[in-house]
Each structure stands twice: as structure tokens, then as C-alpha cells.
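Below you'll find the structure, written out as C-alpha cells, and then a few comments.
Every chain is numbered from 1 and lettered A, B, ... according to where its sequence line falls, protein lines coming before strand lines.
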Protein chains: 2
Amino acid sequence: MRAAVLTTKDKILQAAAEIAMEVGPVHLSLDAVARRAGLSKGGLLYTFPTKAKLLEALVEHHVAEFDESLRMQEAKRNHKVNSVVQACIEVYRAEFVLNEPEPSGILAAIANDPSFIDPIRRYNKQLLDRMKENSEDPTMALIAFLTIEGLRSLKLLDMDTLTHEDQITAIDGLRQLFAPCDPDKPSQPATG
Amino acid sequence: MRAAVLTTKDKILQAAAEIAMEVGPVHLSLDAVARRAGLSKGGLLYTFPTKAKLLEALVEHHVAEFDESLRMQEAKRNHKVNSVVQACIEVYRAEFVLNEPEPSGILAAIANDPSFIDPIRRYNKQLLDRMKENSEDPTMALIAFLTIEGLRSLKLLDMDTLTHEDQITAIDGLRQLFAPCDPDKPSQPATG
DNA sequence: TTTACTGTACCGTCCGGACGGTAAAGTCAA
DNA sequence: TTGACTTTACCGTCCGGACGGTACAGTAAA
């Protein structure tokens, strides 16, 4: 059952996310999802008995993927100071560099029912707490969290506000602010 | 109160935004909007001939309000270095302090049709350009922009990730990073 | 008389979901 | 090895309800 290829569930999730981004979460219909995922509506309903279950899975999938990436990055950094912030930056960077085709999906969930965002709410709260605990400067940890949140939201809403270069600049800027051995106060970072 | 009497348009826009936030953009129906705005569906359709026009107005309203606040803040700062970033910070701070009841609305628009976000896309691009031009350090301008975007997105998605204190900390942190460092210029008083 | 609605009735379409199949794969006793 | 049965993974159809939008007659104020 655990095939190396894309499972039916994954195909459905991906199809749903794509359609939601293309036509807007409001027009995300089970018919369309089934069609794009390459099965019938009956088959779709077999896999996800209700639309709500599908959307729930979309959110869970999103959180789980992020968490996995984050933990991998954190493992490289053995709980050193700022390691959580650094890991977050690298996760975003990796997503960005690989140009991972991971369209919203969660927007569709929220659009259908705002309470679907609760797992993300909980996850982010924990994440932020860990960042603050693990950081030398809680204020800067907060700003790092928000900066990444900003980047993620632009992606979520499919905004091309930042050019490719801008994104690299932002990520590298963050990286430098939270570089492994930087005891200096980064209030006036003179780059170059 | 800018006007004791809220115009019908404003009432409708507000009602739509509220409903969208409560039950999710997918379940934003004209019937419900009319009911909450205190008029009939016929009356609603008289004011906004289609749902699309309503959603468009929602986005326009949002951008226009932000732009007005931003220009007011900028006017206080006469094009000095970092004044655009500072103005943005203050606009967000004012919204936050006043606890302005301005629920998403734009999320509903995007959920119905992703292209409704285009005006915001354009606006934000211009804003970022102005920030960069006006800043000493374009990288830090970028980070400031993203931080504010992060704050705004958390509000947009109705996420309570940051406590009230966290938000104050973040805003003050930003303020400090972009404080007028010119000794000739007196710093802004904290309370208004 | 115009503006700005109210209120009712209705239409066509779309969509979620229920339901009844069904074909293939696996299980297992004889 | 075979036949009987179960499970898995779907297919295709149908229905009730919601929703956007139309049409139109009425009304109260300016």
C-alpha cells in the first residue's frame, strides 16, 4: 500500500491544492478534484468520505511536511543558540531553491471553514515559543519569525511582490542576522 | 467616527467582511450579507449589481484605507531616510492599537477569484520599491517589509500566534531598527 | 419625478454527498 | 488448485438544496 509512487491520497491532495490556487478556493469542487486526480467522484469520495476530510488532510499534510523538514534541519544544529530560527530559515530557503510546487491548499481549507486553521495556529505558537527560548534575543526571534511568515504568506497568496533576487537577499539577510557565531548586536548591520 | 451615518456601501462591505471571517469565504452568500447589512437582497443587488463587484470593492476599500493612512504618516516624515518603512510600521501600529475591527474581506475576494488580488499585488510592489529607494540598507528594508507582511498575514488569517505583548515587542523592535539615527532629528515620542 | 431602496417570486446551475454497483486482489479451507 | 468469500478501490448516477442572479411591483423620502 505504501507505494514509492504517488499514492491516490497524494494525487488528490495535490490536485485539490492546484485547483484551489488556479480558480480560487470557492470554486474548488470535488468533481474537478476527481477529474484532475484521474479518478471518478465516487473514487474520490471513497478515499475522502467528505470534502471536510479532504481539506483537513490538506492542512495536516502541510503541517507535517513542514515539521519534518524543520526537524531535519534542527538535527543538524544540535540545539545551539538560534538553531530553531536558523532551521526555519533553511527550510524556507530549501523550499524556495527547489521551487517546490506546493500551492496553497490550506487557503482552500480556511476558505471553507476558518477553524481548519487551528492545527497551524497551534503549531505556529509552539514554534514561536521554541524560537524565543532558543534565541539570545527574543525580539529578534520574533522579527525572524514574522519575516519568514511574511515570505510564506506571499507564497500562500501567490504574490510576486518579491523578485527572485529579493527573496535571495531577504533569506541571506536573515541568515546573516542569525549566523552561528555572531555575538554582536545586529542593530546596524553593515553589509559587505 | 468619520461619519455618524455609515453609507449603505460601507455597511455592506463591513457585513461581507465579517461574515467571511466568521463562516469562511466559501459560505459568503449575498443573502447573508444583505441580512447582516440590514437590507434586502434586492437592495444589495441594487448597490452592487454582482457579487464580483462587491468583492472588487472590498479589495479597493482595503487598499485605499491603507494608502490613506500611509500617506498621512509619510507626510509627517518629509521623505527623510527610512521614512517609508517608519510610516508603514506606524500604520500597522495604529491599526493594532486602535484594534480596528477590519476583518479580512480580501480573503473572501481572493477565495472567489485569485485575480482579485492584483491591485494589492501592484500596490505592494510599488510600496516595496519605495521602501528600498528610501532606505539606507535595502536588505533591512526588505526584512522590515516582510515583518510587517507577516504581522498583516497573521491578522488576515485571524491567527493569534502572537500575544498582545509579542506584537508590541515586535513593533517596538522594528521601530528601533529603523529609528531615525540622525542626531539632528529628534526621535518620535512613544505615545500618541 | 427620481433615487434608493423593499419584498416576493422564481430560474438555472452547480455541488456535496448518498448509493448501488463492480472488477481485481487477497484469504483460506478442502 | 480450486472455488467461495472478503476486502479494497474504485465507477456512474442521481438528488436535494444552496446560491447567484432576474424580474417586477411597491414605497418612502427628497
*What's the CG-P distance between A:Leu54 and C:dG17, to the nearest Å?*
10 Å
_Contacts of type side-chain hydrogen bond (donor to acceptor under 3.5 Å, both in side chains), residue A:Lys11, not counting sequence neighbours_ = none
*Name the nucleic acid region contacted by A:Leu28, choosing base, sugar-phosphate or nothing; use a 4.0 angstrom heavy-atom cut-off, strictly under.*
sugar-phosphate
*asked:* According to salt bridge (charged side-chain N to carboxylate O under 4.0 Å, His left out), who are the partners of A:Asp166, at least two apart in sequence or on a separate chain?
replied: B:Lys132
*Rounded interatomic separation in angstrom, taking NZ from A:Lys51 and C1' from C:dA18*: 17 Å
*NZ of A:Lys11 versus P of D:dA9: gap in Å, rounded?*
12 Å
*Can you tell me how far P of D:dT27 sits from OH of B:Tyr46, to the nearest Å?*
18 Å
*asked:* Ring-plane angle category for A:Phe96 and A:His164, please: parallel below 30°, perpendicular beyond 60°, tilted otherwise.
replied: tilted
*Please state whether the phosphate of D:dG20, meaning OP1 or OP2, lies under 4.0 angstrom from any side-chain nitrogen or oxygen of B:Thr50.*
no
*Tell me, please, which residues at least two apart from B:Arg130 pass side-chain hydrogen bond (donor to acceptor under 3.5 Å, both in side chains).*
B:Glu74
*Does A:Lys41 have any side-chain hydrogen bond (donor to acceptor under 3.5 Å, both in side chains) partners at least two apart in sequence or in another chain, and if so, which?*
none
*Listed in order of residue number, which residues of residues 30-44 of chain B have a non-hydrogen atom at under 4.0 Å from DNA chain D?*
B:Leu30, B:Lys41
_Interatomic distance, B:His27 NE2 vs D:dC19 P [rounded to whole Å]_ = 9 Å
_A:His79: partners by ring-ring contact (aromatic ring centres under 6.0 Å, His included), with sequence neighbours left out_ = none
